[in-house]
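Atoms considered below: every heavy atom in the structure, side chains included; atoms not considered: hydrogens, waters and symmetry mates. Please read all numbers here as calculations on a predicted model, not as lab measurements.
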Amino acid sequence: MGHCFCSSGKSTSLFPGRNNKNDWTGRSRGRAFTNAYKGNGGEKTLRMSSLFAPTLKENPQEAEIVSHSFMLRAGMIRQLSSGIYAFLPLGLRTISKITKIIKEEMDRAGGQELLLPALHPGELWKETGRWEVYGPELIRLKDRKDRDFCLGPTHEEVITDLARREIRSYRQLPLLLYQIQTKFRDEIRPRFGVMRAREFIMKDLYSFDRDFEGLEISYQKMYNAYCRIFDRCDLSYEVVPAESGVIGGAVSHEFLVLADSGEEKLLICPTCNFSTTQDEERCPHCGTDLEEKRGIEVGHIFQLGTKYSEPMKAYFVDRDGEEKPLIMGCYGIGIGRTMAAAIEAYHDDKGIQWPLSIAPYEVAIIPINWKNAKQREVAEEIYQESQEKGFEVVVDDREFSAGYKFSEADLIGFPLQVIVGEKMSQEGKIEVKVRKNDQRWEAKKEELFTLLFKLKEELASKA
RNA sequence: CGGGGCGUAGCGCAGCCUGGUUAGCGCGCUUGACUCGGGUUCAAGAGGUCGGCCGUUCAAAUCGGCUCGCCCCGACCA
C-alpha cells in the first residue's frame with residue numbers, strides 16, 4: 001500500500017498551488033511550534049506510510065534471545081555480517097534517546113564532549129604494550145606505507161596522548177572528557193545481536209586528576225551519573241565490584257541490568273544491598289544466603305591510576321613544582337547493549353514495551369479504518385494537535401487491517417496508542433491504550449490531551 | 001580456537017536418507033475485488049546461479065571432497 005492520503009479538502013497548506021502531499025512532515029505546514037524540538041532525536045513526527053521499518057511476522061532463525069528477535073522483527077536493526085549491525089530509523093531513534101540522556105548526565109557531572117579518531121596509529125598501542133596484550137581482538141591494518149594501524153576498541157592510548165600534549169599544569173585539572181563513538185573489537189564470538197557486537201557504539205569518558213583523592217571524586221561523580229542514566233532509562237540494575245580485565249587498574253564497578261538472558265552471573269543478598277560476581281555462598285555482611293541472578297553488563301567504570309599516564313609519560317606540573325603522572329579513570333557505557341537490555345527487561349510475547357524515555361516515538365495514532373473519512377479526519381486532527389503539544393508521534397495512515405496495525409504497534413512498542421475507531425463515530429470516544437500494562441482509557445476528543453498528558457506523566461515518573 | 005547446528009524466493013520452512021521431466025509450501029510483494037477492533041478473504045501474477053568451487057554419474061538441491069558464510073555452547077568484554 002503506502003499511499004499518502006493527506007487531508008485533502010481542507011486546504012491549510014501554505015502552498016495552495018501544489019497538492020496537499022506537501023504537508024507530510026507537519027513542519028512544512030508553516031505552523032509555529034511552541035515546543036521546538038531540542039535534541040538530536042530527529043523529526044518528532046512521522047506518517048507510518050513513509051516509515052522505513054521493515055517488520056517481520058516470523059522469528060528470524062538467527063535470533064535466539066528476545067531483544068535480538070524483537071529488534072529485527074520491529075525493523076530496528078539489520079545484520080551486515082557477524083557482530084556488525086545497521087541501525088534503521090526506529091532503532092537509531094532509541095539509540096539517540098539513550099545517547100541524549102547520557103550526554104545530559106555526563107555534562108551535568110562536568111564532562112566535556114569531544115570526538116577522537118577511530119583509526120589509531122600502532123605506535124601508540126606499542127607504547128603501552130597493548131599492541132601485544134590485546135591480541136587478535138584488536139583489528140589491525142596497514143596503510144599504504146605499510147605502517148601499523150588499528151581500529152580503536154577503546155581509547156585510553158589516544159586520550160592519554162592528547163592529555164600528555166595538552167595538559168601541563170594542575171590548574172587544568174580535574175578534567176573529564178568523553179565521546180560517543182563506534183568501537184571495534186574482533187570478538188571471539190559475537191553473540192545475541194547488538195548485545196556482543198564487533199562494531200558497537202560506546203560512550204567512554206576519561207577522567208584526569210592530580211591525585212588519588214581527586215580520582216575518588218571523579219569516580220564518585222561518574223558512579224552517580226551512571227545511576228542517574230540507568231534510572232532515567234527506567235532500568236533496574238545492580239552495581240557490582242568487578243575485575244578490571246584488559247583495561248586495567250585497581251578499583252572497578254560493573255553496572256548490570258538484571259535479565260535472565262544476561263551473560264553475567266551475579267549473586268545478590270536479599271536483605272542488605274550487597275552484590276558480587278565472585279563465587280560466594282553467604283553475604284559477607286549479614287550472612288544471608290545469596291541469590292543467583294543473571295545480568296547484562298551495560299556499564300563499567302575503572303580507576304586506572306597511572307596505568308597509562310606512566311608508560312606514556314603523561315605528566316603535569318603540580319602546585320609544588322613537581323612533575324607527576326596524571327591520575328586517570330575511565331568509564332564506559334554500551335549504548336546498543338543498553339537498548340537490548342531494555343528490551344530484555346520490558347517486553348511481552350507481542351513485542352517491546354519501551355520505557356517512555358527511550359521509546360522511538362511516544363504515541364502512535366491508529367485509525368482502525370483509514371478509508372473511513374470521519375476516522376481519518378479525527379486522526380489527522382489528533383496528529384496535528386499532538387505535534388503542537390510536543391508529543392513524539394506517528395500516525396498509522398496505512399490501509400492495513402486493524403489487526404495488522406495493532407500487532408505492529410505492539411511489536412514496535414509505542415508506549416501510548418491512540419485508537420480511533422467505531423466508538424469515535426458512534427459515541428465520539430477515542431481510546432488510549434497503555435502498551436506496558438494494556439490498560440485502556442476512553443476520552444472525548446476535547447479531553448484527549450488531558451488524558452495523554454496524564455498518562456505520559458505517569459509513565460515518565462515510573463522508575 | 002574446541003564442540004554442535006544451519007545455508008533452497010524478501011522472511012519462515014519442506015524436498016536430500018533412497019540422484020531422474022517444469023524445485024514445492026506458508027507469509028510477504030504486485031494487480032483487482034472483498035473486508036474494516038487483533039497480522040481479514042478471494043482471484044490472478046511476479047520472484048530461485050538450491051552459499052561457492054571441484055569431483056562422481058548418462059543425470060546432482062540430493063552422493064563425495066574442499067571452501068565461504070551464519071547461529072548456538074565454552075574462554076573474552078561495554
Sugar-phosphate only, base, or nothing, as touched by A:Lys183 at under 4.0 Å among non-hydrogen atoms: nothing
Euclidean distance, atom CD1 of residue A:Ile368 to atom P of B:U40 [Å, nearest integer]: 14 Å
Sugar-phosphate only, base, or nothing, as touched by A:Glu408 at under 4.0 Å among non-hydrogen atoms: base
Touch class at under 4.0 angstrom, heavy-atom based, for A:Gln417 against every strand present: nothing
Whole angstrom value for the distance that separates P of B:C77 from CD of A:Glu156: 13 Å
Touch class at under 4.0 angstrom, heavy-atom based, for A:Thr338 against every strand present: nothing
Donor-acceptor side-chain pairing of A:Tyr308 and A:Arg130 below 3.5 angstrom: yes
Distance, rounded to the nearest Å, where A:Phe200 contributes CZ and B:A78 contributes P: 8 Å
Touch class at under 4.0 angstrom, heavy-atom based, for A:Asp410 against every strand present: base
Gap in Å between the two P atoms, one belonging to B:C29 and one to B:C72, rounded: 29 Å
Touch class at under 4.0 angstrom, heavy-atom based, for A:Arg73 against every strand present: base
Separation of B:G28 C1' from A:Phe400 CZ (nearest whole Å): 10 Å
Close residues, residues 187-198 of chain A, relative to RNA chain B [heavy-atom separation under 4.0 Å]: A:Glu187, A:Ile188, A:Arg189, A:Pro190, A:Arg191, A:Phe192, A:Met195, A:Arg196, A:Ala197
